[in-house]
Amino acid sequence: MGSSLFAGISGLTASSKQLDVIGNNIANTNTVGFKAGKISFGDILSQSITGGAASGMQVGRGVEVTSIATQFASGSFETTANATDLAIDGEGFFTVKDDEGGEYYTRAGSFSLDNEGYLVDTNGFKVQGYNLTATDPYTITDISLANVQSVPTTTTTISIGSNLNSATATGSTFNASQTVYDSLGGEHALKVTFQKTEGTGYWGFKGYLDNTAATAQGYSGMKFDDDGDLEYVYSSTTAATATDVTDGAGYYDTAGTGTAAITVNNQGQLYKDTTAPIVLTRVDADNWTITSAGGYANMSLTYGTAAVDDSIAIDLDGAGGADITFALANVWAADDTIEFTIAQTEVAPADVDLTMPSITGATIGNAGVISWDLAGTTANSVTQYASTSVVKTLTHDGYSSGSLKSISVASDGTISGFFTNGQTSDIAQVILSDFANQKGLKRMGNNLFATTVESGAAVPNTPGSAGMGEISPNSLEMSNTDIATEFINMITAQRAYQASAKIVTVTDTMMGELMNIKR
């Protein structure tokens with residue numbers, strides 16, 4: 001009879017503990033990342049009423065709690081507006097460290113940035129992972145987003161998408177300008193000036209950096225076909241037909257002692273419709289005339305007699321401006337001539353290298369050269385249609401420095417930063433830890449777990465690898481408490497408690513009757 005009393009008491013104790021677990025589970029229904037507990041019972045070693053070992057004559061001595069195990073099944077996900085709220089879709093735990101270096105593990109991914117730029121949980125513990133911008137990016141350490149910047153990159157390539165009006169008057173220009181960057185992130189204006197030449201479908205172009213002309217460029221003009229599509233690019237030079245003059249680019253035929261040094265001021269205006277030479281003739285002591293225009297129907301002398309003693313100049317298209325100048329020296333006689341031809345190299349549309357003027361204290365391009373992507377697979381097209389000249393697209397590959405504006409997190413835990421200069425780059429990566437025996441982890445409160453001998457050491461890996469779950473950003477894993485199940489368990493625990501209490505009262509009544517026998 002005494003055994004029944006103690007068995008009833010053990011039942012009261014066990015049911016009370018079960019209610020403690022149920023109450024804790026229900027209380028944490030809204031706790032982020034909470035893992036419910038599950039209580040297990042076992043009977044206490046039975047005794048034989050015969051004093052022997054016969055299995056059919058054993059009486060149990062009650063119940064005891066054998067374990068309160070944590071249930072690590074995933075809870076439901078709740079979407080949030082915070083990019084640093086993270087949930088684990090699958091196995092693994094976030095790793096956090098306190099200020100003393102103590103390491104803990106949690107499924108509660110309600111993270112934020114503290115005033116020092118560290119990624120921390122609600123306890124202020126620092127989230128562990130890789131700082132991808134550090135000198136040693138793959139050492140696990142505190143994730144810090146402090147002082148993260150996007151370093152400047154100099155512009156090395158540009159591309160221009162535009163239409164050049166086929167009805168543009170000869171000599172008229174059209175500018176396409178865009179901002180480019182030097183090695184320090186400084187801004188500069190890169191302009192390409194297109195000029196309609198006299199030839200059908202011909203346009204010259206010239207690159208400028210901050211209104212200073214490029215010191216050299218791979219080609220000087222472009223030719224469009226009858227459909228308005230780019231047919232080829234060309235480069236032209238002046239070529240001597242006989243004895244070279246001072247700079248090796250002209251020819252003189254003189255009865256006097258005169259010499260002429262030729263300078264091309266507008267390379268883009270040099271196009272070739274014919275192979276005829278251009279010939280200038282001294283007609284008397286005061287004037288020069290164009291004897292042969294070499295296919296340039298509107299060519300004119302722009303300096304005339306005012307500069308006859310030391311220089312003359314020609315305007316190839318007659319639209320104004322000195323496209324070619326001649327520095328005269330010594331004595332020129334009547335009927336003396338200056339003769340030269342234009343040599344043109346035509347190639348299929350190709351990229352154009354623009355050698356930029358130097359920049360004080362910085363560099364730009366690739367050793368000063370910016371490539372105009374005119375023919376690559378990523379090139380923006382330049383056309384010549386009968387519509388308004390317009391810039392459609394401008395692209396370049398350089399940018400200034402930028403500070404961190406916002407972040408996003410990928411499924412592999414990579415934290416990418418979006419910077420004020422419009423660039424995006426990877427700056428950190430969250431790591432996860434798993435254990436040989438998750439149920440061996442010790443609860444530390446505040447949604448934290450710690451390792452024990454039973455759990456084994458933490459095994460870190462990146463999300464999505466080695467069996468680890470993936471990260472779900474802008475999400476929080478809620479408690480995995482099942483309210484319906486807990487209510488059912490609560491009812492059964494209550495009934496078990498009532499029944500155990502009844503055992504105690506009945507046993508007490510029976511013992512009272514036994515005591516009354518002596519009366």
Side-chain angles (χ1 to χ4, degrees), residues 1-49 54-78 87-88 90-91 93 105-108 435 437-450 452 454-455 476-514:
M1 190 180 301
S3 294
S4 64
L5 181 62
F6 288 106
I9 293 173
S10 69
L12 291 174
T13 301
S15 296
S16 176
K17 293 298 181 183
Q18 184 178 13
L19 284 169
D20 289 343
V21 173
I22 294 169
N24 185 60
N25 291 343
I26 293 175
N28 284 282
T29 298
N30 294 316
T31 301
V32 174
F34 175 78
K35 298 305 177 186
K38 180 180 180 181
I39 193 168
S40 297
F41 304 107
D43 62 330
I44 298 176
L45 182 63
S46 299
Q47 65 175 354
S48 174
I49 61 173
S55 60
M57 299 296 291
Q58 290 181 302
V59 176
R61 301 181 62 186
V63 65
E64 64 179 351
V65 176
T66 57
S67 70
I68 301 176
T70 302
Q71 304 302 295
F72 286 101
S74 296
S76 60
F77 288 0
E78 177 183 282
I88 304 172
E91 297 297 317
F93 296 80
Y105 308 92
T106 183
R107 294 278 296 195
F435 305 87
N437 176 23
Q438 291 183 350
K439 293 185 178 181
L441 292 171
K442 181 180 179 181
R443 290 181 183 268
M444 303 301 292
N446 294 323
N447 294 322
L448 301 174
F449 295 89
T452 66
E454 288 78 12
S455 69
L476 289 175
E477 182 183 358
M478 304 308 293
S479 169
N480 66 353
T481 298
D482 185 336
I483 292 294
T485 299
E486 297 301 328
F487 275 12
I488 292 172
N489 291 338
M490 183 167 58
I491 293 171
T492 58
Q494 179 186 14
R495 295 306 182 196
Y497 191 91
Q498 291 173 332
S500 295
K502 197 67 173 177
I503 291 293
V504 173
T505 57
V506 169
T507 301
D508 179 60
T509 301
M510 292 175 64
M511 292 179 70
E513 288 298 325
L514 180 61

Enter the distance from [X]:[atom1] to [Y]:[atom2] here, rounded to the nearest 0.5 Å.
X: Ile26; Y: Asp482; atom1: CD1; atom2: CG; answer: 10.5 Å
X: Asn30; Y: Met478; atom1: CG; atom2: CE; answer: 6.0 Å
X: Phe72; Y: Leu441; atom1: CZ; atom2: CG; answer: 5.0 Å
X: Ser479; Y: Lys35; atom1: OG; atom2: NZ; answer: 8.0 Å
X: Ile9; Y: Ile503; atom1: CD1; atom2: CD1; answer: 11.5 Å
X: Leu448; Y: Lys442; atom1: CG; atom2: NZ; answer: 12.5 Å

Nearest heavy atoms of [X] and [Y], plus distance in Å:
X: Gln18; Y: Ala493; answer: OE1-CB, 3.4 Å
X: Thr481; Y: Asn28; answer: OG1-O, 4.5 Å
X: Gly8; Y: Ser500; answer: O-CB, 3.4 Å
X: Ala14; Y: Ile39; answer: O-CD1, 4.4 Å
X: Gly37; Y: Arg443; answer: N-NH2, 3.9 Å
X: Ser74; Y: Arg107; answer: OG-NH2, 3.3 Å

For [X] and [Y], indicate whether the former's side chain and the latter's backbone hold a donor-acceptor pair under 3.5 Å.
X: Asn447; Y: Thr106; answer: no
X: Ser10; Y: Val63; answer: yes
X: Ser16; Y: Leu12; answer: no
X: Asn480; Y: Gln71; answer: yes
X: Thr66; Y: Ser40; answer: yes

Original post:
Lys17 and Glu64: salt bridge (Lys or Arg N to Asp or Glu O under 4.0 Å), yes or no, with the steps?
Top reply: CA-CA 10 Å; Lys17 293 298 181 183; Glu64 64 179 351; over 6 Å; no
Original post:
Under the side-chain contact (heavy atoms from CB on, under 4.5 Å) test, which residues partner Glu91, sequence neighbours left out?
Top reply: Asp434, Gln438
Original post:
How about Phe449 and Phe435: are their ring centres within less than 6.0 Å of each other?
Top reply: no
Original post:
Heavy-atom distance under 4.5 Å between the side chains of Lys38 and Val21, does that happen here?
Top reply: no
